[in-house]
Structures are given as C-alpha cells and as structure tokens.
2 protein chains.
Amino acid sequence: MTSFCKLKESITISKQEICREILHKNRDAIKVKNETVAITNLMRIFEATLELSNQVGFQAMSVRELSKRTKLSMGALYSYVESKERLLCMLLQYGGALGHRSRQLPEHVSENSRDRLLASIKLHIYLTETYQSWFFFIYMQAKFFNKKTLARIVQEEEISEAYYQKILEDGCQAGEMKIDNTILTASSIIALLQDWYLKREKYRKLAVSAEQYADFVCDLITVKL
Amino acid sequence: MTSFCKLKESITISKQEICREILHKNRDAIKVKNETVAITNLMRIFEATLELSNQVGFQAMSVRELSKRTKLSMGALYSYVESKERLLCMLLQYGGALGHRSRQLPEHVSENSRDRLLASIKLHIYLTETYQSWFFFIYMQAKFFNKKTLARIVQEEEISEAYYQKILEDGCQAGEMKIDNTILTASSIIALLQDWYLKREKYRKLAVSAEQYADFVCDLITVKL
DNA sequence: GTCTATAGTGCGATAGAC
DNA sequence: GTCTATCGCACTATAGAC
C-alpha cells in the first residue's frame, strides 16, 4: 500500500505555481507587469481573501479591509484585481488545478479495490488539508454563486462521486466488497470528506489525524464484519 | 417499529406557534401591537428572509429586497424588525424550539437499539424536511456569526452527537451492534443528516425519498454483514 | 399600522501625484 | 508600482404624513 507521505509527494502543487497560472490567465485584468512582484502580491491577496472571507463571508468582506490585511493601498490592490467580482473568478480558477489532480491517482497503487479506495480517500484528504481554506471557501460560497458557476461546481462533485462509485462497483464485481447502493455510498464518501474540511476545528479537538479519519471513512464504507 | 407518519405527527410544530413564541420574546423590538397582524407578517418576513438569504447570503440580502418580497414598505418592515441584526437574532431563536424537539424521541419506541437509532434518524430527517430552509440557513450562516453565537450552535451539534453516541454505545453493550469508534460514527451520522438538507436538490434528482435515505444511513452505520 | 421621502453611512472603484 | 484623496452609489435606518 502506498504510504501517506508518498501520496503527499505525488500531488504537491506549489501555491506559487497556481498563482503564476492564474496570472497568465488574467493578464488582461492585471496591470502590474513585473511577474515576480505580481505573483508575490497575488499570493498575499488570495491568502488574505480566503482568510477574511472564511471569517465573515465573501460579500461581507470589504475591499478596504483586504487592503489593510495585504498591506497594499486601495490603488495598488486594484492594479491586481480589476474588481471584487473578478477576484472571485480568479479564486474559482484556483480550483481548476486542484479538482483535476485529486483524481490523478496512480493506477498502479494496487489491484485490490479496497486499497485503491483508501488511497483515493487519503489523496483527497491530503489535498483538502493543504488547501483547506480554499475548499472551505468554495463550499461556503458556492451556494451563493450564479447558476452557471454553481452548475460547474456541482458537476465537479458529480465527477468525484462517479469516480468513487466506479471503485465501489469494481470492488463489488471482484467480490472484494459488498455494497447495496453504490450511488448513495459514493455520495456518503463525498459528504464525509467534506465534513473533514468544513469542521476542521472539531476534529482537531477530538485529536483525530488525517490518516485516522481516512481509515475510519474507508472502514465505515467497506468493512462488513 | 414506529411508522414515519406517526413520527411526523408526534413532532409537528406549527410555524405559527414558533412565530408567536418569538413575538413574545421580542416584544420590546416589535412596534406592532395587534398580535394577529404581527404574527402573520412575522411569518412572511421570516419566510422571505430564509428564501432570500439562501439564494445570496444573509449579508448580501438587502432590506430593500426583503421589503419587496414581503410586500411591506421599508417603514412597515422596520416596525417588525428593529434592525437587520435583530432579525438574525430572531431567526436564531427559531432554532430553540427545533433543536430541543429533535431529541424528544418517545423512549417507548423500542427496546431494540437499532430501531431506536432508525427512529431518531427519521425524526431528525423529518424535522429538517419540514424546516429545511431554516436548517440550511443556520448551517450556511453559522460560520460567519460572532464567536459566542457560533459556540452556541456548535454546542447544539455536540448535544446531538452525544445523543447518537449514547444510542450506539447502548447498542454495543447490549450486543446488538458492533461499532469501533462510537464518537466518529456519531459524528458521521450528523454529517450525513446535514448533507441531506444541504444538498436537497441532488437527492431529489436521484429520486431518493426521506425514508430511503434514513434507512440507508442507518444501514451504513449498523449493518455489518 | 403603513406609507413615502430622505438622512447618513460605508462601500467599490478611480484619478492623478509621486 | 504604489500612494492619497475622492467620487458616486446603494445601503440601513428614520421621520413624519396619512
């Protein structure tokens, strides 16, 4: 079985790398030409936006407060983010890289379905650990986006769900698992993985580690004594 | 086993009743003296607030828009709700009656732990079905409340969790269930019950009924083949 | 008890100096 | 590339007629 640490290495995406990607995608809206400066400040802006938004909500967060936190003046801030709405768009793009990678599980992990399930869950949990504030942000704001954007996010979840469902069905066919309703079961996996990053504080208090939680979820789904 | 319908009857709380309770608790802030008129309009205000808030978020919802939806002028609206913040407080009070009742399961339901678990889950799901917009609202806004208010809501969840944990432990002691980690398992039940009202649309598309979902959750937790 | 009109505030965004 | 100063707008909340 692939160890948790190895999994971590296999999906490490530098936040800087993501910011560079976003910078290039939004060249039209970003006035600052020096790439090094732009990336440094974009990173600070994104980080502060997530932090503030996750405290008071994106709508309630004022650009003035954001300017204080980033230690950029209003004017400087607006040479990175055309508008508050555009800032939101950029943060949505942030997910492009993540959602895709969360299903890039090396297929060779194991022939055994349960191992593949566990590896997938661990991969997912590690991703949400590293980018917790972003996942929290998207979940909490998604419901308030316009229909089109919401649809895109819901679709992301459906892809994840189908991915887990396939593992479960393969496991059943191979006789390694016995699962009545694979759709609802896959849906439960998603819900439990989301609970982990939505209530991070609670699990911290319970002193449950990421690895323990992954094992627990996997057992809940598959172990039928 | 107690039927779903019987359970429904046992916990039906009229929304009007709740509004009357809130009216009396907030007599100081509500200028309208005629109780019948006050309750009628309070109900409309609460309903519209939940609807609007769940579309755009409470902070983003404007009182102007609320006045349109309720067909009350700005002036009239403000003779019911001292301020937008006070309106939020009233909606929090709404939960007082609900949280309490959700654990008022008639003890005589069954001696069997699994039946008691299933009955509790069904009770919970029925409550969240009837008051879905309120539960959704609280979950989505809770994270943005001040620390004190958030603590109160988290405590509510802890009580629910302890309640489920006790059923699980009783079941284990009686030899009717075999559950390794009752804390995490109880926590999972909560997460899955929340998923039901947070993603109501998704389950509607999957054509899963409330009763089916309750059965599924209960099975996932207890059935060890 | 409800209305219209408006006061007062803080917001997102911009202009122009440096 | 960053700053300060400020514009115009939409918001919450209120005053006073009916």
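Sequence lines set the chain letters: A, B, ... in the order given, protein chains first and strands last, and positions in each chain run from 1.
Near-neighbour residues of DNA chain D inside residues 70-85 of chain B, defined by a heavy atom below 4.0 Å, number-ordered: B/M74, B/Y78, B/S83, B/K84. For the contact set between residues 20-33 of chain A and DNA chain C, defined by any heavy atom under 4.0 Å, there are no members. Of all the residues in residues 50-62 of chain B, B/M61, B/S62 reach under 4.0 Å from DNA chain D with at least one non-hydrogen atom.
Figure legend: B/K31 and B/Y78 shown without cation-pi pairing, the cationic atom not lying both under 6.0 angstrom from the six-membered ring centre and within 45 degrees of its axis. Cation-pi geometry between A/K15 and A/Y94 is not met at under 6.0 angstrom from the ring centre and within 45 degrees of the axis.
Residues satisfying the ring-ring contact (aromatic ring centres under 6.0 Å, His included) test with A/Y203, not counting sequence neighbours, are A/W196, A/Y213.
Here B/Q59 contributes atom CD and B/L88 contributes atom CG; the two are 8.5 Å apart, rounded to the nearest 0.5 Å.
For the residue pair A/Q194 and A/H124, no side-chain donor N or O sits within less than 3.5 Å of a side-chain acceptor on the partner. Defined by atom type and a distance below 3.5 Å, a donor-acceptor pair is present between the side-chain atoms of A/N26 and A/Q93. Judged purely by distance below 3.5 Å, without hydrogens or angles, the side chains of B/S187 and A/K199 never pair a donor atom with an acceptor atom.
Within 6.0 Å of atom NZ in B/K33, more than 12 heavy atoms from other residues, nucleotides or ligands are found, so the atom counts as buried in its surroundings. Annotation: A/E47, atom CD; neighbour count of heavy atoms from other residues, nucleotides and ligands within 6.0 Å does not exceed 12.
When DNA chain C is scanned in the 5' to 3' direction for atoms under 4.0 Å from non-hydrogen atoms of chain A, the outermost contacting nucleotides are C/dC11 to C/dT14.
Contact annotation: the side chain of B/I121 never approaches that of B/L192 to less than 4.5 Å [non-hydrogen atoms, C-beta and beyond].
In terms of modelled atom types and a separation under 3.5 Å, the side chain of B/S79 and the main chain of B/A76 share a donor-acceptor contact. With hydrogens and angles disregarded, no donor-acceptor distance shorter than 3.5 Å links the side chain of A/K25 to the backbone of A/M90.
Ring planes of B/Y197 and B/Y139: perpendicular class, angle over 60° (limits at 30 and 60°).
Five base pairs at each end of the helix from C/dG1-D/dC18 to C/dC18-D/dG1 define two local axes, and these are offset by 0° (rounded to 10°).
Using a 4.0 Å cut-off between a side-chain N of Lys or Arg and a carboxylate O of Asp or Glu, A/R152 and A/E156 do not qualify as a salt bridge.
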